[in-house]
Colleague: 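A single structure is presented below for examination.
Residues: numbered from 1 along the sequence shown. Everything numeric here is computed off the predicted structure, so don't read it as measured data.
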Amino acid sequence: MFVTSTELKKNLGKFLKLIEKENIIILKRGKPVAKLLSIRAGKETPITDALCGALKGAKIDSDREKSERLKKYESAC
């Protein structure tokens, strides 16, 4: 479902109920700017998978990436 930002502001309660059934794309000046989805949908994607999903075909080991980031912070302290 597509909805304008103005319509969302005016009818937030209505859209919060609808969000349980379908995702909502918010439009600003006719262009999509955000997507609302229910956290109760049951299938949650880890943030690393969501962010790395933009890199189609890339093999990313989230555990390795996490440990590398932690090492950087540990050595800085």
Colleague: Can Lys35 and Ile24 be said to form a side chain to side chain contact (heavy atoms under 4.5 Å, CB included), step by step?
Modeller: CA-CA 6 Å; Lys35 179 178 182 180; Ile24 298 174; over 6 Å; no

Colleague: I need the Lys28 NZ to Thr6 OG1 distance, nearest 0.5 Å.
Modeller: 9.0 Å

Colleague: Check the pair Leu36 / Phe15 against side chain to side chain contact (heavy atoms under 4.5 Å, CB included), numbers first and verdict last.
Modeller: CA-CA 9 Å; Leu36 293 176; Phe15 291 112; 5.6 Å; no

Colleague: Find the distance between CD1 (Ile26) and CD (Glu7) and round it off to the nearest 0.5 Å.
Modeller: 11.0 Å

Colleague: Enter the distance from Leu18:CG to Met1:CE here, rounded to the nearest 0.5 Å.
Modeller: 5.0 Å

Colleague: Rounded to the nearest 0.5 Å, what separation is found between the CG atom of Leu27 and the OG1 atom of Thr4?
Modeller: 7.0 Å

Colleague: Applying the 4.5 Å side-chain criterion to the ILVMFWY set and letting contacts propagate, would Ile25 and Leu37 be lumped into a single cluster?
Modeller: no

Colleague: Is it the case that one hydrophobic cluster holds both Leu12 and Phe2, taking links as side-chain heavy atoms less than 4.5 Å apart, direct or via other members?
Modeller: no

